[in-house]
Protein chains: 2
Amino acid sequence: MSQICLPLGIAKTDVELLENLIQSSETLQVNDAIFQQGERFSKVYAVKSGTFKSSRIDGQGNEHVTAFHLPGELIGLDGIYPDTYSSTTIALDTAVLCSMDYDELTQLCTSIPALQRQLLRLLSRDIYESYKANAENADHTAAQKLASFLNNLSTRYELRGYSALSFNLAMSRQDIASHLGLTPETVSRLLKRFKHDGLIDIENRHIELKDAGGLNALIACANG
Amino acid sequence: MSQICLPLGIAKTDVELLENLIQSSETLQVNDAIFQQGERFSKVYAVKSGTFKSSRIDGQGNEHVTAFHLPGELIGLDGIYPDTYSSTTIALDTAVLCSMDYDELTQLCTSIPALQRQLLRLLSRDIYESYKANAENADHTAAQKLASFLNNLSTRYELRGYSALSFNLAMSRQDIASHLGLTPETVSRLLKRFKHDGLIDIENRHIELKDAGGLNALIACANG
DNA sequence: CGACCTCTTGAATGAACTCAACAAAAGTGG
DNA sequence: CCACTTTTGTTGAGTTCATTCAAGAGGTCG
């Protein structure tokens with residue numbers, strides 16, 4: 001968690017203060033929930049390993065997958081404002097999680113300016129990424145959305161030291177479809193097409209990006 | 001700006017500190033930019049009056065409207081993380097703006113915990129709203145997106161003490177379309193349909209919500 | 001091995017798009 | 001203040017892309 005919250009220079013004694021705050025790692029199994037939509041907000045979480053899925057149920061009872069969370073990422077920051085968790089977040093595979101009391105974290109922030117700065121940056125990143133996702137999902141074809149999604153996963157894995165070109169999709173086609181505003185059928189057809197076009201290699205849930213440049217070209221190109 | 005940043009109890013002396021930070025109000029004319037996409041991040045802004053439009057230019061040179069900003073709202077928080085403004089933001093009408101140096105603001109936050117808490121809440125709100133917008137734009141028909149948009153504007157105007165049912169659209173049909181991932185033609189056709197169905201009354205850029213319940217029903221209903 | 005769930009494939013439908021033309025409003029200059 | 005230009009908004013017809021609906025294949029786990 002130290003690595004997640006503070007790549008910036010923080011004094012050793014401060015790091016100790018921070019680590020006192022972090023509650024013991026917890027292991028979750030597939031479908032175990034961290035929190036439910038509507039539950040009172042109190043903690044933020046960091047993914048140590050495994051993958052999580054956040055989804056909202058809207059007025060009509062439709063599920064919409066709002067985000068996937070990979071190792072090294074923070075979960076729950078969107079709950080600060082409404083003071084309730086705005087999604088239900090579950091483990092997609094066996095996963096390990098750290099937790100941190102939000103009130104204690106903000107108190108610590110007042111005495112460690114670098115920590116405050118970092119927390120604000122992490123919140124801002126979520127806004128930034130969400131705006132970008134919104135823009136990408138708006139004007140683009142289904143193929144472009146899916147290519148963006150794969151590209152995004154790749155970048156995030158790379159950032160955390162995993163392979164950028166070969167990884168497992170912990171989520172179902174249905175989950176991907178919901179996240180991108182498509183149907184599972186469309187996702188399936190597009191993955192097949194990408195494979196046929198030599199952009200990727202996919203076998204069940206294991207994917208290899210064979211031509212990352214081609215994927216990027218697809219995202220940028222007029223015809224999806 | 002005091003009202004914007006701190007509805008929470010902050011000591012009077014602290015308010016004075018904060019107000020020292022706020023730089024003089026500035027009046028902008030139509031199309032005047034607050035900042036350009038890519039420019040170095042340094043200040044956050046609060047809308048005193050008027051309307052602003054934030055838009056990004058993507059790789060291919062397509063403009064996408066990421067947000068509209070109404071009186072009482074903060075602008076620029078998505079620039080913290082990348083340390084550059086991630087959109088170009090311009091005035092859609094004659095508008096008045098306050099600005100505030102971000103570094104000074106965060107410094108003040110370390111000595112005023114309530115201010116820090118409020119700043120974090122405002123950042124979280126942007127994440128929350130953006131996730132919600134993403135969910136609404138994903139699975140819904142064009143009519144539902146537009147109804148959501150009108151409803152959203154209405155709520156925001158009401159929150160700030162303006163009329164919830166009668167207001168001017170400072171933005172063009174093109175801007176609305178870009179924001180919602182539609183075409184101007186579709187927006188035009190839908191507004192006509194809403195008017196015909198008695199949901200709204202619209203004359204050029206002045207709109208009246210005649211049947212807010214009907215709009216909400218449309219958003220929730222299966223057939224857009 | 002059988003039941004269940006996820007994923008894939010096919011054919012037909014439909015919602016929003018593109019393209020094109022026109023109308024109305026706003027801005028400009030004599 | 002009026003004619004002219006430019007921008008913005010509206011309307012129509014045809015097309016396309018992703019969807020819906022339906023059925024079958026593949027994987028997983030008791």
Side-chain angles (χ1 to χ4, degrees), chain A residues 29-31 53 62-65 90 92-94 136-149 168-196 200-207 218-219 221-224, chain B residues 29-31 51 53 55 62-65 90 92-94 136-149 168-196 200-207 218-219 221-224:
Chain A
Q29 301 304 322
V30 179
N31 286 327
K53 171 183 97 169
N62 297 119
E63 184 192 39
H64 182 260
V65 175
I90 65 167
L92 291 176
D93 43 26
T94 302
E136 266 164 12
N137 284 11
D139 229 10
H140 293 57
T141 65
Q144 290 175 314
K145 290 186 200 181
L146 185 60
S148 286
F149 173 71
N168 282 302
L169 300 169
M171 66 294 290
S172 68
R173 306 287 195 262
Q174 170 70 61
D175 290 337
I176 297 172
S178 169
H179 182 52
L180 299 177
L182 303 172
T183 58
E185 291 97 324
T186 300
V187 171
S188 179
R189 281 185 251 267
L190 286 172
L191 287 173
K192 187 188 175 188
R193 196 180 102 195
F194 287 178
K195 186 178 182 178
H196 175 265
I200 63 170
D201 207 350
I202 188 161
E203 212 59 60
N204 301 322
R205 291 190 179 184
H206 183 79
I207 188 166
L218 184 62
I219 297 165
C221 192
N223 53 341
Chain B
Q29 302 303 323
V30 180
N31 285 325
T51 314
K53 171 183 98 169
S55 59
N62 297 119
E63 184 191 40
H64 182 260
V65 175
I90 65 167
L92 291 176
D93 43 26
T94 304
E136 266 164 14
N137 284 11
D139 231 7
H140 293 58
T141 64
Q144 290 175 314
K145 290 185 199 180
L146 185 59
S148 286
F149 173 71
N168 282 302
L169 301 169
M171 68 294 288
S172 68
R173 307 288 194 263
Q174 169 71 60
D175 290 336
I176 297 172
S178 168
H179 183 51
L180 298 177
L182 302 172
T183 58
E185 292 95 325
T186 300
V187 171
S188 179
R189 281 185 252 267
L190 286 171
L191 287 173
K192 188 189 176 189
R193 196 180 101 196
F194 288 177
K195 185 177 181 179
H196 176 264
I200 63 171
D201 206 351
I202 189 162
E203 210 59 60
N204 300 322
R205 292 191 179 183
H206 183 79
I207 188 166
L218 184 63
I219 297 166
C221 192
N223 54 339

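A note on names: the letters A, B, ... follow the listed sequences, proteins ahead of strands, and every chain is numbered from 1.
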Rounded distance (Å) that lies between atom [atom2] of [N] and atom [atom1] of [X]:
{"X": "A:Arg193", "N": "C:dT9", "atom1": "CZ", "atom2": "C1'", "result": "16 Å"}
{"X": "B:Met171", "N": "D:dG9", "atom1": "CE", "atom2": "P", "result": "11 Å"}
{"X": "B:His196", "N": "D:dT11", "atom1": "NE2", "atom2": "P", "result": "12 Å"}
{"X": "A:Gln174", "N": "C:dT8", "atom1": "CD", "atom2": "P", "result": "13 Å"}
{"X": "B:Lys192", "N": "C:dA24", "atom1": "NZ", "atom2": "C1'", "result": "15 Å"}
{"X": "A:Asp175", "N": "C:dC7", "atom1": "CG", "atom2": "P", "result": "8 Å"}
{"X": "B:Gln29", "N": "C:dG27", "atom1": "CD", "atom2": "P", "result": "12 Å"}
{"X": "A:Ile202", "N": "D:dG27", "atom1": "CD1", "atom2": "C1'", "result": "15 Å"}

OP1 or OP2 of C:dC7 less than 4.0 angstrom from a side-chain nitrogen or oxygen of A:Arg205, does that happen here?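 Answer yes for this pair, as a side-chain N or O of A:Arg205 is under 4.0 Å from OP1 or OP2.
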
Please examine the side chains of [Y] and [X], heavy atoms only from C-beta on, and report whether any two atoms are closer than 4.5 Å.
{"X": "A:Phe194", "Y": "A:Ile202", "value": "no"}
{"X": "A:Met171", "Y": "A:Val65", "value": "no"}
{"X": "A:Arg205", "Y": "A:Ser172", "value": "yes"}
{"X": "B:Thr186", "Y": "B:Leu180", "value": "no"}
{"X": "A:Glu203", "Y": "A:Lys195", "value": "yes"}

What's touching nucleotides 17-19 of chain C from the protein side, N or O pairs under 3.5 Å?
| residue | atom | partner | partner atom | Å |
| --- | --- | --- | --- | --- |
| C:dC17 | OP1 | B:Gly181 | O | 3.4 |
| C:dC17 | OP2 | B:Thr183 | N | 3.4 |
| C:dC17 | OP2 | B:Thr183 | OG1 | 3.1 |
| C:dC17 | OP2 | B:Thr186 | OG1 | 2.3 |
| C:dT18 | O4 | B:Arg189 | NH2 | 3.3 |
| C:dC19 | N4 | B:Glu185 | OE2 | 3.0 |

In Å and rounded to the nearest 0.5 Å, what is the CG to CD1 distance from A:Leu190 to A:Ile176? 11.0 Å

Side chain of A:Ser188 only, please: which of D:dG9, C:dT8, C:dT6 is the nearest? C:dT8

